[in-house]
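Working notes, structure below.
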Amino acid sequence: MKHSAPTAVLFCLLLGTQAWAEQYQVVTEEWAPYNYQENDQLTGMTTEIVRAIMALTGDAFDVTMVPSMRATQALNTRGKTIMYSLFRTPDREPLYKWVGPIVEESIHPYQLSSTPPVDSLEQLRRVPQITTRHAGLVPARLQAMGFGNLDKSATSSLQLYRMLLAGRTTIIVGDTDAGVAYYSRQLNIPPDRLRQIPVEVYRSSLYIAFSPDSEDTVVAAWAQALEQLRQSGELERIQRRYTHPVAP
């Protein structure tokens, strides 16, 4: 079968684009309810959104879950890397190319409702101990706010709640409100057992981040696909499955 010259050139260009696109890798970390493993399957709100985006763009990039610091390291050091879910902070702004926002979230400290209530930033500064994860945006944010009472011994979100329930700490901070609801369900914590402390430690929107060498055409295609999901209502439907889960 013969091709005209323009058709042959276009065919070669498409093959070249596909081969180039296949070099991309997508990484994420364990951070429910946005990205996490359940029954050995990668799932979560943003995982579903990323898969819906790739269904629209025709991409079939490998998605890998790795520890938090390895995910960020890959985004910073390996070319053609995409990471989700990431808060778009002023420090991170110039480092990556961004697609989003996906959802706006806030982070509050939590305590057991049976303990004396903490209601202000000054009270938080005076408590003996606030437990958070060992690394990441939240402990960095708390340190920048001048907290000198941080216990950064938790290596996972589940450990935070187990430490609180076991009386090994009185206040934890590390997850968005949607994340707290998720882990409460995982550990069968009654809704009235935890109390949200009315101090907003952080508020921002979650995004998909692309390494700076990523092609603008790929980033634009993902942004267009996300907007299509938003306009069709599919983005909200995915979000609601995780923020308003159907009772079993």
Side-chain angles (χ1 to χ4, degrees), residues 28-36 45-46 67-73 75-76 83-96 98 100-184 187 189 193-209 243:
T28 190
E29 60 180 310
E30 180 84 21
W31 191 34
Y34 310 102
N35 11 277
Y36 62 97
M45 181 196 300
T46 317
S68 177
M69 296 183 73
R70 279 182 54 195
T72 306
Q73 183 181 31
L75 185 63
N76 290 335
M83 179 180 174
Y84 71 93
S85 311
L86 211 60
F87 281 122
R88 187 173 180 172
T89 66
D91 289 345
R92 292 170 175 170
E93 177 67 36
L95 301 180
Y96 315 119
W98 300 92
I102 298 168
V103 63
E104 185 177 64
E105 294 288 13
S106 59
I107 294 175
H108 295 84
Y110 279 78
Q111 63 180 150
L112 293 177
S113 56
S114 57
T115 57
V118 174
D119 290 312
S120 70
L121 186 61
E122 286 308 310
Q123 284 181 296
L124 274 177
R125 294 185 193 279
R126 292 197 302 265
V127 299
Q129 176 179 297
I130 297 174
T131 301
T132 185
R133 288 190 294 268
H134 71 288
L137 183 144
V138 173
R141 171 70 174 170
L142 291 169
Q143 284 183 313
M145 293 171 69
F147 281 91
N149 53 352
L150 297 183
D151 163 35
K152 299 189 290 181
S153 62
T155 57
S156 68
S157 287
L158 277 175
Q159 188 178 1
L160 281 177
Y161 301 93
R162 287 172 175 151
M163 289 175 69
L164 183 66
L165 294 171
R168 292 168 55 196
T169 188
T170 57
I171 294 175
I172 61 171
V173 57
D175 293 301
T176 64
D177 300 334
V180 173
Y182 169 82
Y183 285 110
S184 294
L187 295 172
I189 302 173
R193 185 85 187 277
L194 299 183
R195 176 181 182 269
Q196 182 193 92
I197 295 174
V199 175
E200 192 173 73
V201 171
Y202 190 74
R203 174 181 286 273
S204 185
S205 295
L206 292 177
Y207 281 74
I208 302 165
T243 56

[X] side chain vs [Y] backbone, donor-acceptor pair below 3.5 Å:
X: Thr46; Y: Asn35; result: no
X: Thr176; Y: Ser106; result: no
X: Arg70; Y: Glu29; result: no
X: Thr132; Y: Val173; result: yes
X: Gln111; Y: Pro116; result: yes

Test side chain to side chain contact (heavy atoms under 4.5 Å, CB included) on Thr72 and Met83 and set out the steps. CA-CA 8 Å; Thr72 306; Met83 179 180 174; 4.0 Å; yes
Kindly indicate whether the side chain of [X], heavy atoms from C-beta on, has any atom under 4.5 Å from the side chain of [Y].
X: Leu194; Y: Tyr183; value: no
X: His108; Y: Glu200; value: yes
X: Val180; Y: Tyr161; value: yes
X: Tyr34; Y: Val103; value: yes
X: Pro117; Y: Arg195; value: yes
X: Thr131; Y: Gln159; value: no
X: Tyr110; Y: Leu160; value: no
X: Glu122; Y: Val199; value: no

Tell me every residue that passes salt bridge (Lys or Arg N to Asp or Glu O under 4.0 Å) with Arg168, counting only those two or more places apart in sequence or in another chain. none
What are the two closest non-hydrogen atoms of [X] and [Y], and how far apart are they?
X: Leu86; Y: Ala209; answer: CD2-CB, 3.7 Å
X: Ile171; Y: Pro109; answer: CG2-CB, 3.9 Å
X: Arg193; Y: Ile189; answer: CB-CG2, 3.6 Å
X: Ala178; Y: Glu105; answer: CB-OE2, 4.0 Å
X: Glu93; Y: Trp98; answer: O-NE1, 3.1 Å
X: Leu164; Y: Thr169; answer: CD1-O, 3.6 Å

How many angstroms lie between atom [atom1] of [X] and atom [atom2] of [Y], to the nearest 0.5 angstrom?
X: Leu75; Y: Thr28; atom1: CG; atom2: OG1; value: 11.0 Å
X: Leu187; Y: Leu158; atom1: CG; atom2: CG; value: 5.5 Å
X: Leu150; Y: His134; atom1: CG; atom2: NE2; value: 14.0 Å

How about Met69: does its CE atom have over 12 heavy atoms from other parts shown lying under 6.0 Å from it? no
Between Ser205 and Arg88, does a side-chain hydrogen bond (donor to acceptor under 3.5 Å, both in side chains) hold up when you go through it step by step? CA-CA 7 Å; Ser205 295; Arg88 187 173 180 172; over 6 Å; no
Partners passing side chain to side chain contact (heavy atoms under 4.5 Å, CB included) against Asn149 (at least two apart in sequence or in another chain): Val127, Ile130, Phe147
Find out whether the Lys NZ or Arg CZ of Arg141 is both under 6.0 angstrom from the six-membered ring centre of Tyr202 and within 45° of the ring's axis. no
Between the side chains of Ser153 and Asp151, is a donor N or O closer than 3.5 angstrom to an acceptor N or O?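 Yes, Asp151 and Ser153 have a side-chain donor paired with an acceptor closer than 3.5 Å.
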